[in-house]
Student: 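Here it is, the structure, as structure tokens.
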Amino acid sequence: METIRDVDPMIPKPFRVQQVRQETPDTFTLELVSANGGGDFRFAPGQFNMLYVFGVGEIPISISGNPDARRSLVHTTRAVGTVTKAMRKLRRGGMLGVRGPYGTQWPVEEAEGNDVVFVAGGIGLAPLRPAMYRVLSHREKYGKVVLLYGTRSPSDILYRKELEHWRARFDLEVFVTVDRAQRPWRGNVGVVTNLIPKAPFDPSSVVAMVCGPEVMMRFTVLELEKRGVQHSNIYLSMERNMKCGIGQCGHCQFGPEFVCKDGPVFPYTRIGHLLPKWEI
Amino acid sequence: MERIEYSAIETLLQVLKRRDYVTLAPILREGAIIYDEVENASQLPRAFVDVQAAGSYRVERREDNAYFGHHVGPTTWKKFLFPPLFELFRVIRTASGFRIEGDANSENHDTVPQHKYAFIGVRPCDVQALALNDKVFQNGPYVDRAYKVRRESMFVVAVNCTEAGGTCFCDSMGTGPKANGGYDLCLTELTGDDEGFFLLEVGSERGADVAKELPSRPADPSERERAVEAIQRARTSMGRTLQTDRLREMLADNLDHPEWDNVARRCLTCANCTMVCPTCFCSTVEDVTDLTGATARRVRTWDSCFTLEFSYIHGGSIRSTPKSRYRQWMTHKLSRWVDQFGEYGCVGCGRCITWCPVGIDLTEVARAIRERQHSSITLQEEV
């Protein structure tokens, strides 16, 4: 077997876990800092990193921290696969390899002057959070800002304290719904698309940023259409198998797109025709 | 254009070896003509021909004594530039975490291995395949450095085709049977009643420098004429065509065409077509640890869109049916490649047809889609 050292974009950089936070029973957040010291980590909302666990593997995970707080890198992950389960065992001081950031960004600047609606399904809230931080830090540049978030049950609510804090703001509307609940839950029950008809935004000037399972995103687009939202103002974040993150391994293809470099954030107008097709 | 005699092939090999090239050429091994390192011209599969058809490949003796009287085999040149098994980096466990070797800052940092390759006997379709490999590995925003280092230092001796193979359709793809640049030297082999010879064309300064050392004389007009005719014979004897007019749009617009069901009934999803394709570039990575768990290696291997794992995300594979996997492969080659890289990802070499165990022929699949499409349009017009 041939070997090579010093290859470039496929080689991760070492980072250390600064903090681990258990968000929900199966979801956790890692805050990472460079193990080599120094160096701000710049990224744009919507981008992702490839995270490598020693001897186990590497996976694409969206960045879910504040893009303006560059000293540390925040990733929220659900422990569902081999790599994420190994990642969950990491503690403060533990090490991860990081490559990135990769991919396209949410249209945060393009949306200035308009209303913004974030529609998140489940862990889909994590890739949207950096865009929310950015919008909230320039709050005066936007009209109404609305977050619609659906998750499985009250115990699966991600970033719960932060959501409660956001809900208390007068310049932000937060609506949460769960698929199923028991008392003491007094909030909405049902799918996130149920929240769209009554959501307080102006359909003629709203920019929608949507992230969640593909089926949820398809129905979200239908509901947004019913409100009269222009297709050209809808953006989706796609998920595919990825091995390289740099458009060379071929795994993430979605029609003509490489989700890793042409996405993960796409204007709906670019990929809408592919969404209803089976097994693309 | 110069004429060189058969004996000059040995000289060419030795000149290249003196310049530190690893000389890679066709050789006969285990009943197939493949590409590997050769020391001298006697190792070339002289006087052999590969008889190919859909799902069938046999090497037989030729009547004449041609050096390059065969077509393309199950191996591709890309394996030397984009190796099937390739270590990306090595990670050593330390007291406080791990250290990545391969990081330019680490102590044990090596440089990219300096293999200087000479590819001898590259068919025009495969010359174009190298240009397509470049688009993926070195012309984008991220560069595969190992690929680029080898590509820049390599030497290409192309050989024009004077006979079409049983599954060739390079004429349809515009890649052959005559090489159109992309080589350092290009040979056209002419055989007849007498001992054969080559006509030599120079494609680069590096090529001219090597050509100087070969005994030659200017080709006379009748020899040039014979070469033109021989290449034209290859063109006209090609048994397959692929209509490329609006091919990209046609496939993109027919993702629900019933032909995908037809082909899926035969496709074994064995991935042979992707392994023999000179332009398929998909790869995956594997993590290997030693028994003590002290060292981990990350290895890149060739992968295929025909496997179920290829499209796996949590919960299941996106492409769970053979139908969707065949469709992904073929629409990628003949449609999406154009969107992604500006050209078709197929060079018409016919390997995928020959090496398909059930003889699926992508030119036939494309034709079936085109014909049904046309008839349905006609039907609508009549209504």
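Numbers restart at 1 for each chain; the letters A, B, ... are given by sequence-line order, proteins then strands.
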Student: Against chain B, label A:F15 side chain, backbone, both or neither, depending on which of its atoms sit under 4.5 Å from a heavy atom there.
Tutor: neither
Student: Do A:T220 and A:T193 get their side chains close enough for a donor-acceptor pair, meaning under 3.5 Å?
Tutor: no
Student: Does a donor on one side chain and an acceptor on the other come within less than 3.5 Å for B:R325 and B:S304?
Tutor: no
Student: Can you confirm if the NZ or CZ of B:R319 lies within 45° of the ring axis of B:W329 and under 6.0 Å from the centre of its six-membered ring?
Tutor: no
Student: Is B:T295 close to chain A through its backbone or its side chain, or both, or neither, when contacts mean heavy atoms under 4.5 Å?
Tutor: backbone
Student: Which answer fits B:S96, side chain, backbone, both or neither, if we ask what part of it has an atom under 4.5 Å from a heavy atom of chain A?
Tutor: both
Student: Do B:R298 and A:Y52 form a cation-pi contact, if we require the NZ or CZ to be under 6.0 Å from the six-membered ring centre and within 45 degrees of the ring's axis?
Tutor: no
Student: Count the heavy-atom pairs under 4.5 Å between each of B:R300, B:R327, B:H314, B:Q328 and chain A, then report the option with the highest count.
Tutor: B:R327
Student: Hey, are B:E152 and B:Q138 close enough side-chain-wise for a donor-acceptor pair under 3.5 Å?
Tutor: no
Student: Under 3.5 Å, is there a donor-acceptor pair linking the side chains of A:S34 and A:N36?
Tutor: no
Student: So which of B:I318, B:I313, B:D339, B:T289 has the largest heavy-atom pair count under 4.5 angstrom toward chain A?
Tutor: B:I318
Student: Contact part of B:F341 toward chain A, heavy-atom cut-off under 4.5 Å: side chain, backbone, both or neither?
Tutor: side chain
Student: Which bit of B:T331 is near chain A, if near means a heavy-atom gap under 4.5 Å: side chain, backbone, both or neither?
Tutor: neither
Student: Is B:E309 close to chain A through its backbone or its side chain, or both, or neither, when contacts mean heavy atoms under 4.5 Å?
Tutor: backbone
